[in-house]
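One structure is given here, and the rest of the page talks about it.
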Amino acid sequence: MPEARIAFDLKPATETALADSLAVENHALQKINAELRLANEILIRSNQDLQQFVYLAVHDLQEPLRSIANYAELIARRGGANLDPGTMDLLDQTKDSARRLKDLVKDLALYGFAGKQAQEARKSVALLPAVPGAVGVLQASIAET
């Protein structure tokens with residue numbers, strides 16, 4: 001007597017398993033996309049807050065800085081030859097510090113708004129010419145230590 005063969009059709013079971021697997025993967029991807037959208041919204045708000053802070057900081061720092069530079073220049077002009085060399089040197093240092101701070105405020109503004117504007121191409125910068133200026137800025141700290 002020949003043995004009876006039972007044929008199994010695995011195609012429906014395979015398709016069902018594959019569909020279930022794809023549904024699980026799809027759900028996981030939807031969850032990840034939702035998390036990414038939320039993170040992106042938080043990042044956008046954070047960047048907007050940073051830009052607002054930078055704008056206010058730059059605006060609020062400019063006027064006192066301008067006053068410091070103007071007063072130092074006014075004292076130097078009014079004092080003229082009556083000021084001793086040490087006082088003139090201090091006034092020159094004050095004006096130079098005000099100029100450097102003005103540059104820092106300008107750079108802060110550029111940094112804060114970098115996301116809104118196209119960034120310039122990177123380029124090489126020679127650092128050696130900056131060393132005397134950096135040493136001058138740190139003169140008091142160098143003398144103390």
Side-chain angles (χ1 to χ4, degrees), residues 6-145:
I6 300 175
F8 291 102
D9 187 5
L10 296 177
K11 188 175 181 183
T14 304
E15 288 175 352
T16 302
L18 183 59
D20 290 345
S21 176
L22 289 174
V24 168
E25 289 293 323
N26 189 31
H27 178 71
L29 288 174
Q30 287 175 347
K31 183 178 177 186
I32 290 169
N33 279 334
E35 290 171 356
L36 286 173
R37 276 192 297 276
L38 178 62
N40 193 38
E41 289 171 10
I42 291 170
L43 183 60
I44 288 169
R45 270 187 260 127
S46 177
N47 281 340
Q48 289 170 343
D49 290 346
L50 174 63
Q51 288 174 356
Q52 175 126 15
F53 171 77
V54 168
Y55 174 80
L56 292 173
V58 166
H59 180 268
D60 291 349
L61 287 172
Q62 284 177 343
E63 186 55 37
L65 182 57
R66 195 175 296 119
S67 293
I68 291 169
N70 288 341
Y71 289 143
E73 184 65 35
L74 187 61
I75 292 169
R77 273 194 263 143
R78 282 187 181 175
N82 296 334
L83 297 176
D84 64 274
T87 302
M88 286 302 291
D89 187 47
L90 290 173
L91 286 171
D92 287 341
Q93 288 179 23
T94 301
K95 290 188 287 184
D96 188 53
S97 294
R99 181 195 51 76
R100 285 193 319 274
L101 187 53
K102 180 182 176 187
D103 290 345
L104 287 172
V105 169
K106 183 183 78 173
D107 291 344
L108 176 65
L110 290 174
Y111 177 77
F113 297 116
K116 288 183 115 177
Q117 301 170 356
Q119 294 182 357
E120 293 181 24
R122 292 183 181 177
K123 56 185 173 183
S124 296
V125 176
L127 297 177
L128 195 54
V131 172
V135 170
V137 169
L138 300 171
Q139 191 76 25
S141 297
I142 291 170
E144 286 177 12
T145 57

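Start at 1 with the first residue, then count along the sequence.
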- Between S46 and I42, is there a donor-acceptor pair closer than 3.5 Å when you use the side chain of the first and the backbone of the second? no
- Query: Is a side-chain donor or acceptor of S67 paired with a backbone partner of E63 at a separation under 3.5 angstrom?
  - Reply: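 Side chain of S67 to backbone of E63, a donor-acceptor pair under 3.5 Å: yes, one is there.
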Would you give the length of the straight line joining atom [atom1] of [X] to atom [atom2] of [Y], rounded to the nearest 0.5 angstrom?
| X | Y | atom1 | atom2 | value |
| --- | --- | --- | --- | --- |
| L108 | Y55 | CG | OH | 13.5 Å |
| I32 | H27 | CD1 | NE2 | 10.5 Å |
| L61 | L104 | CG | CG | 10.5 Å |
| N82 | T87 | CG | OG1 | 11.0 Å |
| N33 | N26 | CG | CG | 9.5 Å |
| L65 | L101 | CG | CG | 4.5 Å |

- Item | Short N-O contact, D49 and R45, less than 4.0 angstrom |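 Here D49 does not pair with R45 in a salt bridge, since their nearest N and O are not under 4.0 Å apart.
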For [X] and [Y], work out which heavy atoms get closest and say how close.
| X | Y | answer |
| --- | --- | --- |
| A72 | T94 | CB-CG2, 3.9 Å |
| I68 | A98 | CG2-CB, 4.4 Å |
| L83 | A76 | CD1-CA, 4.2 Å |

- Query: Just checking, is any N or O donor in the side chain of Q51 or N47 under 3.5 Å from an acceptor N or O on the other one?
  - Reply: no
- Query: Taking everything shown except Q52 itself, do over 12 heavy atoms lie less than 6.0 Å from its CD?
  - Reply: no
- Is there a side-chain contact between R99 and K95, using heavy atoms and a 4.5 Å cut-off?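 Contact flag for R99/K95 side chains = no.
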- Can you check salt bridge (charged side-chain N to carboxylate O under 4.0 Å, His left out) on R77 and E73, steps first, answer last? CA-CA 6 Å; R77 273 194 263 143; E73 184 65 35; 3.6 Å; yes
